[in-house]
Amino acid sequence: MSTGEPHNTTDVVIVGAGLAGLYMLHAVRGIGLTGRVFEAGSGVGGTWFWNRYPGARCDVPSLEYSFGFDEALQQEWEWTERYPTQPEILRYIEHVADRFELRDGITFDTRVEAAHYDEAATAWTVTTDAGESITARFVVMATGCLSAANVPNIEGRDDFEGEIYHTGHWPHEGVDFTGKRVAVIGTGSSGVQSIPVIANEADHVTVLQRTPAYAVPAHNQPLDPEEVGRIKADYADWRAVARQTTTGFGGYLRSDDLTGALEVDELDRRQTYEERWAHGGLTFLGAFTDLMFSMDANDTAADFVRGKITEIVEDPAIAARLSPDTVIGCKRMCVDTGYYATFNRENVDLVDVNATPIERFTPNGVQIAGDVRAVDSVVFATGFDAMTGALDRIDIRGRGGVPLKEKWAAGPLTYLGVQINGFPNFFTITGPGSPSVLTNMVVSIEQHVEWIRDLLGVMAADGKTEVEATAEAEAEWVDYVNLVASATLFQGCSSWYLGANVPGKPRVFMPLPGFHEYKQQCDQVAANGYDGFVLA
Ligand code: NA7
């Protein structure tokens with residue numbers, strides 16, 4: 001590849017400077033390798049660099065949504081609220097970059113365009129949009145699961161004369177909606193978080209809802225210093241308990257006498273749901289053991305939430321429109337602050353664009369069922385081409401020049417979600433086939449980074465230069481992921497876990513349910529000398 005640039009090399013190229021990329025750089029440096037990170041943004045943070053929409057917060061509590069690999073780091077960082085805001089998480093990530101002196105290894109404002117494997121050299125050549133070409137033994141994709149924005153191609157979009165935003169690419173200077181008529185398209189987490197905040201500011205908000213969301217209250221509040229002190233006194237153990245859960249968080253709520261929802265009478269069941277609702281957050285779905293396995297059990301939780309919507313929303317017709325009839329938990333539940341109550345406001349209305357789809361944009365608004373709703377601004381809260389989108393947008397070629405896109409034409413194939421047969425020395429952090437988006441991402445990121453680091457360390461010690469998942473191990477793993485997912489209710493709706501939100505994307509359930517078991521499997525693979533991999 002000729003770029004006119006001097007020939008560059010490093011041991012590991014890392015793509016992305018979010019939580020995964022930063023920790024990966026720190027980890028490779030820790031075992032004496034060199035690393036170079038390329039980041040499209042002008043700063044660190046990944047997801048939290050881009051998603052600056054009003055009300056953006058993490059749906060995992062701050063004390064859990066943070067790194068546990070360094071005792072001093074977890075002791076010194078002071079979170080202020082139960083659920084961290086985007087600015088606070090970004091400050092934390094910046095602190096991590098500074099504390100571990102990582103910035104000198106990162107090239108910002110630079111997008112990786114291609115990564116090609118050279119079999120003879122046992123090395124990857126990575127090229128960027130800045131025209132740089134760099135050779136590395138290993139490539140680690142820390143590109144994030146929710147980083148490639150999904151912007152629906154609605155007719156007439158370019159004719160609209162107002163402003164258009166996507167929650168995942170929010171302007172850094174912020175947006176002032178005062179006096180504006182705003183349409184928000186999408187009611188996933190980003191819509192659910194931003195709609196109440198935008199409604200406070202804007203003249204009028206029209207919510208264009210295709211599928212209603214199940215939202216549990218956040219009950220966000222300032223952290224109690226005494227509680228923080230108690231957790232920090234025992235932080236390592238507290239985190240270890242989280243790693244024993246299926247989601248990588250909420251371990252402190254686990255109780256040994258958890259039962260199935262249908263094993264208790266209605267009164268007890270209702271009381272349990274009330275307690276979880278009062279506690280707030282995603283652990284609502286941990287109330288019983290069978291909520292994601294039995295439709296009858298799932299119905300009891302769904303009914304409870306529908307009852308809450310009816311209590312909160314004053315207009316019964318709007319409450320009915322806001323009430324989902326799908327499997328609860330099949331899409332990640334939203335954690336909200338005043339979402340349903342927002343529909344009691346005079347300046348907010350709700351349009352069911354499933355019943356009456358958006359026909360087109362006009363210069364001054366959105367046309368639905370022949371009527372144009374005049375708006376000044378449109379917010380796309382329409383999510384992401386999840387898990388594979390960021391990888392698809394890079395020209396990745398493995399053995400024999402085979403493009404990853406071609407290999408994954410019918411859906412992603414990986415072994416353990418970290419490696420792909422035909423793509424030696426190439427790793428995906430929280431890739432498809434691993435628990436990733438079904439978990440606390442920081443816990444999954446730490447587990448993957450440490451597993452990859454240990455593998456690279458073993459290779460260095462044994463003088464190995466190439467590692468590749470075997471075709472058999474990959475095929476067995478893909479079957480296993482399908483088997484595990486099909487025993488759950490996760491496949492019961494058109495979610496982005498299945499790729500269903502992106503027209504033309506193959507419908508394959510991409511993440512693997514069950515963090516704790518997965519971690520044990522990864523540890524076992526390592527203990528067995530990296531079963532299913534060929535180390536050459
Ligand atoms: P999500 O959860 O994918 O939500 C996107 C929303 O946008 C969802 O309600 C979609 O409806 C809707 N959508 C997508 N395309 C369209 C079109 N063409 N027309 C109308 N509505 C549409 O993304 P978020 O950013 O909210 O959250 C992503 C994750 O971030 C979340 O799970 C948390 O983990 C954090 P649909 O449901 O597809 O019918």
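Just so you know, these numbers come straight off a predicted model, no measurement behind them.
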TODO: Ignoring hydrogens and angles, tell me if any N or O in the side chain of Ser62 forms a donor-acceptor pair with the backbone of Arg82 under 3.5 Å.
DONE: yes
Open item on the list: I'd like to know whether Thr10 forms a side chain to side chain contact (heavy atoms under 4.5 Å, CB included) with Val13, so could you lay out the CA-CA distance, the side-chain angles of the two residues, the decisive distance to 0.1 Å, and finally the verdict.
Closed with: CA-CA 7 Å; Thr10 188; Val13 160; 3.8 Å; yes
- [ ] Measure the shortest side-chain to side-chain distance between Leu63 and Leu223 over non-hydrogen atoms and say whether it is less than 4.5 angstrom.
- [x] yes
Task: Any side-chain donor near an acceptor of the partner, Ser444 and Thr430, under 3.5 Å - done: no
- [ ] Using atom types as modelled and distance alone, determine if a side-chain donor or acceptor of Asp70 lies under 3.5 Å from a backbone N or O of Leu73.
- [x] yes
Task: Sidechain N-carboxylate O distance under 4.0 Å for Arg243, Glu64 - done: no
TODO: Could you tell me which non-hydrogen atom of Gly45 sits nearest to which non-hydrogen atom of Leu90, and how far apart they are?
DONE: CA-CD1, 3.9 Å
Task: Minimum side-chain heavy-atom gap Ile231-Tyr252 below 4.5 Å - done: no
Open item on the list: Any donor-acceptor pair under 3.5 Å linking the side-chain atoms of Gln520 with those of Gln524?
Closed with: no
- [ ] Return yes if some donor-acceptor pair links the side-chain N/O of Lys232 with the main-chain N/O of Gln75 below 3.5 Å, else return no.
- [x] yes
TODO: Mark yes when over 12 heavy atoms from residues, nucleotides or ligands other than Glu517 sit less than 6.0 Å from its CD; otherwise mark no.
DONE: no
Open item on the list: Between Gln447 and Glu450, do the side chains contain a donor N or O and an acceptor N or O under 3.5 Å apart?
Closed with: no
Open item on the list: Measuring centre to centre across the rings, with the benzene-like ring taken for any Trp, is Phe384 within less than 6.0 Å of Trp50?
Closed with: no
TODO: Give a yes or no on whether the backbone of Lys464 and the side-chain of Asp462 come within a donor-acceptor separation of less than 3.5 Å.
DONE: no
Task: Short N-O contact, Glu474 and Lys407, less than 4.0 angstrom - done: yes
TODO: Would you indicate whether the side-chain heavy atoms of Asp234 and Arg230 approach each other to under 4.5 Å?
DONE: no
Open item on the list: Apply side-chain hydrogen bond (donor to acceptor under 3.5 Å, both in side chains) to residues Asn220 and Thr337 and explain how you reach the verdict.
Closed with: CA-CA 8 Å; Asn220 189 44; Thr337 298; 6.0 Å; no
Open item on the list: Are the side chains of Gln74 and Ser66 in contact, using a 4.5 Å heavy-atom criterion?
Closed with: no
TODO: Could you pull out the closest heavy-atom pair between Ala56 and Gln193, with the gap in Å?
DONE: CA-OE1, 3.5 Å
TODO: Measure across Arg399 and Pro424 and return the closest heavy-atom pair with its distance rounded to 0.1 Å.
DONE: NH2-CG, 3.5 Å
- [ ] Taking the side chain as every heavy atom from C-beta outward, state whether Glu113 and Arg393 have any atom pair closer than 4.5 Å.
- [x] no
Task: Carboxylate-amine/guanidinium proximity below 4.0 Å for Arg36 and Glu132 - done: yes
Open item on the list: Is it true that, when you exclude Gln221 itself, more than 12 heavy atoms of the residues, nucleotides or ligands shown sit nearer than 6.0 Å to its CD?
Closed with: yes
TODO: Kindly assign one of parallel, tilted or perpendicular to the pair Tyr165 and Phe177, based on the angle between their ring planes and the thresholds 30° and 60°.
DONE: perpendicular
Task: Interatomic distance, Trp408 atom CH2 to Lys505 atom NZ [nearest 0.5 angstrom] - done: 9.5 Å
Task: Six-ring centre of Phe49, Arg52 cation under 6.0 angstrom, axis tolerance 45° - done: yes
Open item on the list: Within the structure provided, determine whether Arg397 and Val402 are in side-chain contact (heavy-atom separation under 4.5 Å).
Closed with: no
Open item on the list: Can you tell whether the side chains of Lys519 and Asp523 come within less than 4.0 Å, N to carboxylate O?
Closed with: yes
Task: Test item: Trp79 side-chain N/O and Pro84 main-chain N/O as donor-acceptor pair under 3.5 Å - done: no
Open item on the list: Among Val449, Ile452, Val12, exactly one meets side chain to side chain contact (heavy atoms under 4.5 Å, CB included) together with Val28. Which residue is that?
Closed with: Val12
Task: Evaluation steps, side chain to side chain contact (heavy atoms under 4.5 Å, CB included), between Phe427 and Met141 - done: CA-CA 6 Å; Phe427 299 94; Met141 303 304 286; over 6 Å; no
Task: Test log, rule side chain to side chain contact (heavy atoms under 4.5 Å, CB included), inputs Val44 and Phe108 - done: CA-CA 8 Å; Val44 296; Phe108 292 105; 3.7 Å; yes
Task: Nearest heavy atoms of Tyr83 and Ala218, plus distance in Å - done: CE1-O, 3.2 Å
TODO: On the 0 to 90° scale, with breaks at 30° and 60°, tag the Phe426-Phe423 ring pair as parallel, tilted or perpendicular.
DONE: tilted
TODO: Give a yes or no answer on whether the side chain of Thr34 reaches the backbone of Asp11 with a donor-acceptor pair at less than 3.5 Å.
DONE: yes
Task: For Val437 against Arg332, the heavy-atom pair lying closest together - done: O-NH1, 2.8 Å
- [ ] Evaluate the ring planes of Phe67 and Tyr92, with Trp represented by its six-membered ring, and classify them as parallel (under 30°), tilted (30 to 60°) or perpendicular (over 60°).
- [x] tilted
Open item on the list: Donor-acceptor check, side chain of Thr245 to backbone of Gly248, threshold 3.5 angstrom: yes or no?
Closed with: yes
Task: Interatomic distance, Cys522 atom SG to Asp454 atom CG [nearest 0.5 angstrom] - done: 11.5 Å
Task: Atom pair OH/CG of Tyr518 and Leu416 - distance to nearest 0.5 Å - done: 5.0 Å
Open item on the list: For a ring-ring contact (aromatic ring centres under 6.0 Å, His included) check, start with the C-alpha distance between His26 and Phe69, then their side-chain angles and the critical distance, and finish with the verdict.
Closed with: CA-CA 11 Å; His26 179 61; Phe69 69 82; 5.5 Å; yes
- [ ] Could you tell me whether a side-chain N or O of Asp385 sits under 3.5 Å from a main-chain N or O of Asn150, the two making a donor and an acceptor?
- [x] no
Task: Separation of Ile420 CD1 from Tyr415 OH (nearest 0.5 Å) - done: 14.5 Å
TODO: To the nearest 0.5 Å, tell me how far Trp496 CH2 sits from Leu146 CG.
DONE: 4.5 Å
- [ ] Grab the two heavy atoms, one from Ile394 and one from Ala115, that are nearest each other, plus how far apart they are.
- [x] CG2-N, 4.4 Å
Task: Heavy-atom side-chain contact between Thr122 and Tyr117 under 4.5 Å - done: yes
Open item on the list: Under a 3.5 Å distance rule, please check whether Thr428 uses its side chain to pair with a backbone N or O of Gly417 as donor and acceptor.
Closed with: yes
Open item on the list: Check whether Glu468 reaches the backbone of Phe533 with its side chain - one donor and one acceptor, N or O, closer than 3.5 Å.
Closed with: no
Open item on the list: Is a donor from one side chain sitting under 3.5 angstrom from an acceptor on the other, for His116 and Asp395?
Closed with: yes
Open item on the list: Applying salt bridge (Lys or Arg N to Asp or Glu O under 4.0 Å) to Arg29 and Asp104, what does each step give before you reach the verdict?
Closed with: CA-CA 12 Å; Arg29 285 179 169 177; Asp104 62 346; 3.0 Å; yes
- [ ] Using only heavy-atom distances, determine whether the side chains of Glu466 and Asn425 contain a donor-acceptor pair under 3.5 Å.
- [x] no
TODO: To the nearest 0.5 angstrom, please state how far the CG atom of Asn51 sits from the OG atom of Ser190.
DONE: 6.0 Å
- [ ] Might you work through the salt bridge (Lys or Arg N to Asp or Glu O under 4.0 Å) test for Arg57 and Glu88, ending with a clear yes or no?
- [x] CA-CA 9 Å; Arg57 270 179 206 278; Glu88 191 166 17; over 6 Å; no
Task: Side-chain heavy atoms of Val478 within contact of Thr414, under 4.5 Å - done: no
Open item on the list: Can you tell me how the ring of Tyr480 sits relative to the ring of Trp477, calling it parallel under 30°, perpendicular over 60° and tilted otherwise?
Closed with: tilted
